[in-house]
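Every number for a ligand or one of its atoms is a count from 1 in the order of the listing.
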Amino acid sequence: MRNYGIDIFSDNNFIIEKDKVVVKHKSQPSIFSITEKIRASGIRGPLILRFPHIIKKQIDSLFINFHESIKEYEYKGDFRAVFPLKVNQYPNVLKSILESSKEYNYGLEAGSKAELILAMNLTPVGSPITVNGFKDEEMINLGFIAAQMGHNITITIEGINELESIINIANQSTLKVPNIGIRVRLHSGGTGVWAKSGGMESKFGLTSTELLEAIKLLKENSLIDSFKMIHFHIGSQMSHIKILKKALREAGNIYAELKMLGSVGLDSINIGGGLAIEYAQHTSKITTTYDINEFSNSVIFTLMEIMDKKDVKHPHIYTESGRYVVAAHGVLVAPVIELFSADYQEKSLIKKESNPPIIDELYILNSTLKMDNALEFMHDSIDHLESILTLFDLGYLDLQDRSNGEILVHQIIKKALLILKDEKNPELERLQERLQEKYLINSSIFQSMPDFWGLKQHFPVMPITKLDTKPIRSAALWDITCDSDGEIEFDPSTPLYLHDVDLDNEEYFLAFFNVGAYQETLGMKHNLFTHPTECSVIISDDGFKLENINESSSILDILSDLGYDKNQILRNLKSKLSHSDFVTEEEKSDTIQQLEIFLYQNGYLRTTY
Ligand SMILES: *Cc1c(COP(=O)(O)O)cnc(C)c1O
């Protein structure tokens, strides 16, 4: 896995050129050069790089594929799409989405009151807005207000009670009535970690009995003309196309039945999201088994077949794909700030006049290690380390012996791995797995990859430099939260190898890919680490520029967000210092100034230069 599987997960958005990861677009800047440019202004900590051209690429691909499938099969309905806001509500993401989709009439999907207000604010009048999720009467009323503004809005009901609210409001007010959608409860479920949105046990949707009741109510209240859409969503990151086809057959037949029952306004099927992207770095872990072309062909063909058989006009098709549109645009760059074994340096050895035999032996192993004995010596030294710790526990070795022993063992391992770096040996690989070097990264897994924490979702990760040298350390990653869950370990069958770097003399960054969907607002402020510094990278033929740099919150703002009064904090801390005894007044004012600068910096570590 010399290329870290970049050809598997990056969809050709990123490639390796010489020793660096570069963005495969126009002037092809390296991620390292982008990182350096942001850090040149003094910003430290993790970065979220946004690539708007990737959002554009995904939106184009969605529309172009559906348009082609429609043409190929001579399908009679239109293709329409909305972006589900819950996948990423950040302003700079929406800005790119809206700018990239002008020609497509792309709209937004909202699942809460705040998202609905956002959708009403941002969606161009005429482009669709869909509203899903549980709603109260106020939220439904907001849908009427949106319709009154001229928005093409569809309120999708999740239960009969929501339909009753619509009927109440329609009877009481003279506001324009929004389009009505009905979420259908399919017996075909989804698969995978995110599959709770489909199936009979699903949280959402009307059963067939409720559907019949809804049609009756709509007719009785003269709202049947407003009933325009049926909707389903089988869950995110759908692994196999057959899951979708099954759901489409069920939903298609429901659509046809509802048409035949006199739903005169009904003209659309909303197939939700679920379009998957690839997160794997190893061929053995690949999960996506279809591409966008197969996806669009399957949707068009399946629906056409059902409608033609039942002699029903082809419906317009809506999708609400979110992950597919934004996951790849976001890259998290995390500085490595420490290698665990860096503490064990040869210069810290303090040899005694007389050492215990086991320590003496380690000295000999360390000084006589060479190619043909490296594996054996490494093996022996690991065994010796276990003995040393036992002897220490029993009181036979003192702290200096233990320190010397630990340093020597780490030195032997380091030297052996370097000497053996071109060897391919299963025994060496097994040893490596026991010896995962811990790389401490300046970021929080809870904040930036909550799906790893909660669902063990893997995000592809690799260094952004040194890719022309062979990485020799099998790695585990630690984040800077003081929580033992803030660790990413790698399965022996799919290890992550990183470089042995001397961080006193060089910088080393890891990039995590496909973090643009869900992670940002799902992220939590564990230990009060907040959203990383973000920035949009606009790449042209002769370079790149950085737009909308938003630095991670300052320490005072983090505390203020929790409800603390930041002025009071500042006053209190300053007054404590000014009432303490300093030798000189100058030192006092310098210290106060230092503290103030500190409080206005972001909350991540600043140890790398
Ligand atoms: C979450 C959600 C989506 C988006 O799903 P993706 O898998 O991200 O495409 C679409 N529609 C509904 C109703 C959702 O709840």
Does the side chain of [X] come under 3.5 Å of the side chain of [Y] through a donor N or O and an acceptor N or O?
X      : Y      : answer
His329 : Gln58  : no
Asn13  : His25  : no
Ser61  : Tyr324 : yes
Asn105 : Ser127 : yes
Ser96  : Glu99  : no

When you compare ligand 1 with [X], is there at least one nitrogen or oxygen pair between them that comes in under 3.5 angstrom?
X      : answer
Gly322 : yes
Pro84  : no
Arg183 : no
Asn132 : no

Close-contact set for ligand 1 against [X] heavy atoms, below 4.0 Å:
X      : answer
Lys86  : 1 (C), 2 (C), 3 (C), 14 (C), 15 (O)
Ser321 : 9 (O)
Glu320 : 3 (C), 4 (C), 9 (O), 10 (C), 11 (N), 12 (C), 13 (C)
Gly274 : 5 (O), 6 (P), 7 (O), 9 (O)
Gly273 : 5 (O), 9 (O), 10 (C), 11 (N)

Stacked cation flag Lys102 on Tyr104, 6.0 angstrom / 45 deg: no
His233-Phe204 aromatic ring centre distance below 6.0 Å: no
Pairs of donor and acceptor atoms involving the side chains of residues 216-230, under 3.5 Å and at least two apart or interchain, shall be tabulated with distances.
| from | atom 1 | to | atom 2 | distance (Å) |
| --- | --- | --- | --- | --- |
| Lys219 | NZ | Leu261 | O | 2.6 |
| Asn221 | ND2 | Leu217 | O | 2.9 |

For residues 149-157, which side-chain donor-acceptor pairs fall under 3.5 Å, sequence neighbours excluded?
| from | atom 1 | to | atom 2 | distance (Å) |
| --- | --- | --- | --- | --- |
| His151 | NE2 | Met120 | O | 3.1 |
| Asn152 | OD1 | Asn179 | ND2 | 3.4 |
| Thr156 | OG1 | Asn132 | OD1 | 3.3 |

Sub-4.0 Å heavy-atom approach of Phe204 to ligand 1: no
Min heavy-atom dist His231 to ligand 1 below 4.0 Å: yes
Per-residue contact class, [X] against ligand 1 - non-hydrogen pairs under 4.0 Å:
X      : answer
Tyr518 : side chain
Ser236 : both
Arg323 : both

